[in-house]
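Predicted model, so just to flag it, every value in this text is computed and none were measured. Reckoned from all heavy atoms, side chains included, excluding hydrogens, waters and symmetry mates. In what follows, every chain begins at residue 1, and chains take the letters A, B, ... in the order their sequences are listed.
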There are 2 protein chains.
Amino acid sequence: MNSKLKQLKEFGIKLTPQRLAILEYLNGNRDHPSAEMIYKAVKEKFPMTSFATVYSTLEVLTKSGVISELKVDPERRRYDPETSPHHHLICTKCRKIVDINAEVSIKIPDYLDREFEIHSRHIEFYGICQNCSKGGANILKR
Amino acid sequence: MNSKLKQLKEFGIKLTPQRLAILEYLNGNRDHPSAEMIYKAVKEKFPMTSFATVYSTLEVLTKSGVISELKVDPERRRYDPETSPHHHLICTKCRKIVDINAEVSIKIPDYLDREFEIHSRHIEFYGICQNCSKGGANILKR
DNA sequence: GTTACTGCAAAGCTTTTGCATCCCT
DNA sequence: AGGGATGCAAAAGCTTTGCAGTAAC
């Protein structure tokens with residue numbers, strides 16, 4: 001958290017209360033919230049906060065590399081304080097997005113490495129999360 | 001192609017000219033077009049075709065399993081006549097989406113298989129495509 | 001003849017933009 | 001003090017919806 005603030009200062013980015021609130025809300029958050037969820041949460045602390053500010057802040061934070069933007073959900077962007085590469089499981093029952101922090105080894109044919117300069121990779125696993133397979137309540141409809 | 005038509009008939013889905021035109025345009029298409037691109041292409045053949053029809057057809061075709069919907073591009077949905085599982089490379093220069101049909105082996109820790117019922121997986125590779133690494137023209141701006 | 005599909009237009013969501021005001025540094 | 005950040009409202013882009021008319025089966 002503090003290293004993130006330091007990082008932002010180095011970029012000459014102003015630390016406004018709204019931005020700090022967004023960062024605080026995201027810090028340690030494993031729910032991959034959308035801009036709207038972040039907006040709602042931050043608004044409770046700073047009722048004056050606007051949507052535009054949340055969006056612009058999320059863009060600034062993403063571009064500074066302090067948070068990352070997930071493209072896992074086709075409906076809306078989601079944000080993640082964890083910037084180191086990791087994978088995700090999308091529960092096909094409750095639609096929850098779960099971090100896969102484990103070491104995953106991928107083996108691709110040599111010719112692919114010759115054809116493309118591959119810089120990074122991201123795996124989406126589709127399946128059933130622990131909660132749902134436990135016969136857990138399927139609270140979320142879709 | 002014909003097997004797809006057969007498949008649709010079995011589902012009791014009506015084969016209208018618009019639907020056939022969409023299917024024909026998608027057949028063998030490796031560009032992962034968006035709904036708008038499909039709309040434009042189909043409109044040339046059937047100028048009366050509406051956006052709503054394209055969207056509803058794409059939904060029907062996706063639900064019948066005749067085409068698949070890609071979530072690779074966070075800006076818009078893209079469609080693919082290839083329904084068997086394969087992976088994608090997203091060129092970070094020209095934004096092109098390239099099929100990775102090769103066999104890719106993924107090894108995940110045992111505990112993940114215990115925690116989740118994993119049904120499928122999809123890898124996004126990020127890198128530079130052949131065209132761009134050849135010093136090829138970077139036609140598309142973003 | 002039925003029933004599902006089409007076209008049109010309007011609305012719904014998420015995200016972006018313009019601009020005057022404000023406040024972090 | 002200065003320049004970036006904020007809030008508001010309006011707009012833009014993708015997708016969905018309602019409904020009357022139409023065409024596939």
**Prompt:** What's the NZ-C1' distance between A:Lys9 and D:dA5, to the nearest Å?
**Reply:** 17 Å
**Message:** Can you identify which nucleotide, out of C:dG7, D:dA24, D:dT15, has its nearest atom closest to the B:Ala35 side chain?
**Reply:** D:dT15
**Item:** 4.5 Å side-chain heavy-atom contact, B:Ser64 and B:Ile13
**Value:** yes
**Request:** Would you mind reading off the distance between A:Lys6 atom NZ and C:dT25 atom P, rounded to a whole angstrom?
**Result:** 17 Å
**Request:** Using whole Å, report how far CG of B:Leu5 lies from C1' of D:dA24.
**Result:** 14 Å
**Request:** Please determine, for the side chain of A:Gln18, which listed nucleotide (C:dT16, D:dG7, C:dG7) has the closest atom?
**Result:** D:dG7
**Asked** Just how far, in rounded Å, is P of D:dT6 from CG of A:Leu15?
**Response** 10 Å
**Asked** Can you tell me how far P of D:dT15 sits from CZ of B:Arg78, to the nearest Å?
**Response** 11 Å
**Interatomic distance where CD belongs to B:Glu10 and P belongs to D:dC25 [whole Å]** = 15 Å
**Under 4.0 angstrom between A:Arg77 side-chain N/O and C:dT16 OP1 or OP2** = yes
**Fill in**
A:Phe51 has its side chain closest, among C:dT15, D:dA24, D:dA5, to C:dT15
**Message:** I want to check one thing: is the phosphate of D:dT6, taken as OP1 and OP2, less than 4.0 Å away from some side-chain N or O of A:Arg19?
**Reply:** yes
**Request:** Taking side chain to side chain contact (heavy atoms under 4.5 Å, CB included) as the test, write out the residues that go with B:Ala41, two or more places apart.
**Result:** B:Tyr25
**Message:** Any side-chain N or O of A:Thr53 below 4.0 angstrom from OP1/OP2 of D:dG7?
**Reply:** yes
**Fill in**
In numerical order, the residues of residues 38-45 of chain A whose heavy atoms come under 4.0 Å of DNA chain D are none
**Message:** Can you identify which nucleotide, out of C:dT15, D:dC8, C:dT6, has its nearest atom closest to the A:Ser50 side chain?
**Reply:** D:dC8
**Fill in**
Among D:dC8, C:dT15, C:dC24, the one nearest any side-chain atom of A:Ala52 is D:dC8
**Asked** Within the pair A:Tyr55 and C:dT15, is there a side-chain N or O less than 4.0 Å away from OP1 or OP2?
**Response** yes
**Asked** Where along residues 56-67 of chain A does a heavy atom come under 4.0 Å from DNA chain D, residue by residue in number order?
**Response** A:Ser56, A:Thr57
**Fill in**
Closest to the side chain of A:Arg76, out of C:dT14, D:dA24, C:dT16, is C:dT14
**Prompt:** Whole-Å distance between D:dC25 C1' and B:Leu20 CG?
**Reply:** 14 Å
**Prompt:** What nucleic acid atoms does B:Thr49 come within less than 4.0 Å of, heavy atoms only: base, sugar-phosphate, or nothing?
**Reply:** sugar-phosphate
**Request:** Whole angstrom is fine here: how far is it from CZ in B:Phe11 over to C1' in C:dA4?
**Result:** 16 Å
